[in-house]
S.K.: 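I have a structure I would like to understand better, so I am pasting it below and will then ask my questions one at a time.
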Amino acid sequence: MSSTEETSVGEFELLERDGLARLGRLETPHGPLATPALLPVVHPDPERQSCCPEEMARRWGVRAVITSAYITWRTPPLRTVAERDGIHRLLAFDGVVMTDSGAFQQHAYGSVEVGPEEILDFQDRIGSDIATVLDLFTEPDATEAEAAHALALTVERAERARASRRGLLAVPVQGGAHPELRARAAAEASRLGDILAVGGVVPLLERYRFRDLAQALAAARPNLAPEAPVHLFGTGHPMTFAFAALFGVDLFDSSAYHKFARRGKLLQPTGTVDLEGLREASCFCSLCSEHPLTEVARWPTAPREEQLARHNLLVSLEEVGRVRQAIRDGTLWELAERRAAGHPALQAGLLAAMARPEVFWPTEPEARRAFRETGPGSRERPAVRRFRSRLDLYRVGLGSPRTVPRMPLTPEYLARLPAQDRDGALIEWDTPSPIGPVPLELTELYPVGPYLGVDEFASPPPRLGPQELRRNLRPDPTLDVDRDWEPTWTSRQIERLLRWTYDRAVAVALAPELRGERSRRTGRLRRLTDGSGPAFVVGNDGLPRPTFLGGEHLHRLLPTGRGRVVVHADAVPFVREGRSLFSRFVVSADPALAPESSALLVDEDDHLLAVGRLQLAPLEMGRLRRGVAVRTTSHRASPGTAPESAGSEELDEDDEDEQGPPVVPE
Ligand code: GUN
Ligand code: ZN
């Protein structure tokens, strides 16, 4: 089993992810394309390009562009060259060329005079890497009947296009402002298309109707095939890239760089600036170091527009880079929020996205390294809402909570806590998180553990001296403050962490068999061992991660199916030896798991092979043809190997923490 077998055109590999957003790799006839990518819209007539594709490629590494097959077709001199030499030669570009079909001209001019077969056939003939079906552009205010009719016709055309096209096919997702139609359009495109191109949204983008855009994307998303790249027609303003990527948009296209330049506007990821009013040098990019924008503002129209278009494109490409980096870092929500601060309309769009957490939950990772508020709005991120709803369930049956002020998690503090809690009630830590008081045993879990919020700085937790500690922690004067309560607390914490991660039955059965070990330096719970060795390692994210031994316990205690990913027979020998599980060898997976969850890897007869950590969401497994679904973290140690080899990776994680997290967040 290897990941190095032949790649085929159209295959999309997910390399890194942050929720729905992904860093991917799409195989095209002109080589692989790293996504998210911005496809600059270029005019097929070289005379009418403000920046030619060759320059884009040479200066900024642009690997893909989009152009209009329709304009090429209806302009005889362009058509002749394209038919004779191909679209790549016409554009003098040897990267990926996606072509559009003319539906946009239908929106702009009311009609197009080409038939769906003819324009598809033309795209084939001129060697387009990604051809687009001639869809019916559905305006946002189209009635349901109009939108349904247009959708039916678009699907019919897509069916015929699929039957005739051998190369990559982009199938537009229309449906207007009608959620059921968007959902159906997404499902149909997923059945027929290689690239799923959400369309009909240019009027929303132009009029800053980001709330409606969020609703259209939220309606489409659950029905878009997870294994196919998603294109969003008209995402040209760099302010919108992070927002679109949140919904798993992989391809943006931009004519904005050029259109805004014509109107003397400078694109920024934080908004739009009038070149006219620019008096101060505020950009020192490679373009500005040669010709400052303040000077460009006084140039004659043609060269000014060209230079401004270049600048807009450069700024847009930089923003794509930031989006990509944020996906790697797991900070895309943060970036999207900062961008939304650039315009209230975009802020409204983000609020509309947050109002649909169920769209994000299936791919929302179990943990991220950081959670940083950009403002009160951050408190409604899907991760926070999921934690809150899980917490409501968790609290049931645990008695009325006692809230204690937030204090450093020192061993002394921990040692004394159960003094006021001998009856087993919840001790809730009054954390400065939006979640409100959080049970103490859950305070290391994402998003609470890494939560960095405004309150933490606006009203820092009180520094309690020994007197206050006594008063707060020992309301009952008969208790002995100096008594070592730590073991009591530790077993409580173990029981509760297992309850949170699995269920009450697992917790009740397993906790008495486990002993907790704490980090000497930080006092944090680090390892849960049974009589024969470490069964769980508590990661920096606070979750108990099973070793193979812990996996055996869970396998015995969890009902069949729960917590499991079922491995195809062909991959069983490899997984058993500790190799990772590739997506195409997944038979099924517990839908309650999420990326970064720990899971039991079992064969089809439910024999335990290994334990691992999810890289994909269950709904993506088996559907993505390439890439790792579950990274194996622990397998049965072969005879003669040291016990550490059964979970070495997780033990490393522990060591990492011994160096300690940074005290002051940067
Ligand atoms: N360009 C901008 N919007 C659209 C759309 O909805 N469909 C197509 N084919 N092209 C577009
Ligand atoms: Zn500049």
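Numbering of ligands and ligand atoms starts at 1, following listing order. Here, residue 1 is the first one in the sequence, and each next residue gets the next number.
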S.K.: Starting from atom 10 (N) of ligand 1, what is the nearest protein heavy atom, named by residue and atom, and what distance separates them?
M.R.: Asp100 OD2, 2.6 Å
S.K.: Verify whether the ring centers belonging to Phe122 and Tyr70 lie closer than 6.0 Å.
M.R.: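 No, ring centres 6.0 Å or more apart.
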S.K.: Only to 10 degrees, please: what angle do the SG atom of Cys285 and the SG atom of Cys283 make about the Zn ion (ligand 2)?
M.R.: 110°
S.K.: Which atoms of ligand 1 are found less than 4.0 Å from any heavy atom of Val202?
M.R.: 2 (C), 3 (N)
S.K.: How far is atom 7 (N) of ligand 1 from its nearest protein heavy atom, and which residue and atom is that?
M.R.: Asp135 OD2, 2.8 Å
S.K.: Nearest protein heavy atom to atom 2 (C) of ligand 1, by residue and atom, and its distance?
M.R.: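 Among all protein heavy atoms, the one nearest atom 2 (C) of ligand 1 is Phe104 CD1, 3.3 Å.
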S.K.: Are side-chain N/O atoms of Arg182 and His178 paired as donor and acceptor at under 3.5 Å?
M.R.: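 The answer is no; no qualifying pair exists.
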S.K.: Is NZ or CZ of Arg381 both nearer than 6.0 Å to the six-membered ring centre of Phe371 and within 45° of the ring axis?
M.R.: yes
S.K.: Below 4.0 Å from ligand 1: does a non-hydrogen atom of Gln174 turn up there or not?
M.R.: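 Checking ligand 1 against Gln174, which is what was asked, there is a heavy-atom contact under 4.0 Å.
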S.K.: Does the separation of the ring centres of Phe210 and His343 fall below 6.0 angstrom?
M.R.: no
S.K.: Can you find a non-hydrogen atom of Gly234 under 4.0 Å from ligand 1?
M.R.: no
S.K.: Closer than 3.5 angstrom, by distance alone: can the side chain of Gln615 be matched with the main-chain N or O of Ala629 as a donor-acceptor pair?
M.R.: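 Absent.
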S.K.: For Leu134, which part has a heavy atom under 4.0 Å from ligand 1: side chain, backbone, both, or neither?
M.R.: neither
S.K.: Counting the benzene-type ring for Trp, do Phe243 and Phe241 have ring centres under 6.0 Å apart?
M.R.: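 Ring-ring flag for Phe243/Phe241: false, centres at least 6.0 Å apart.
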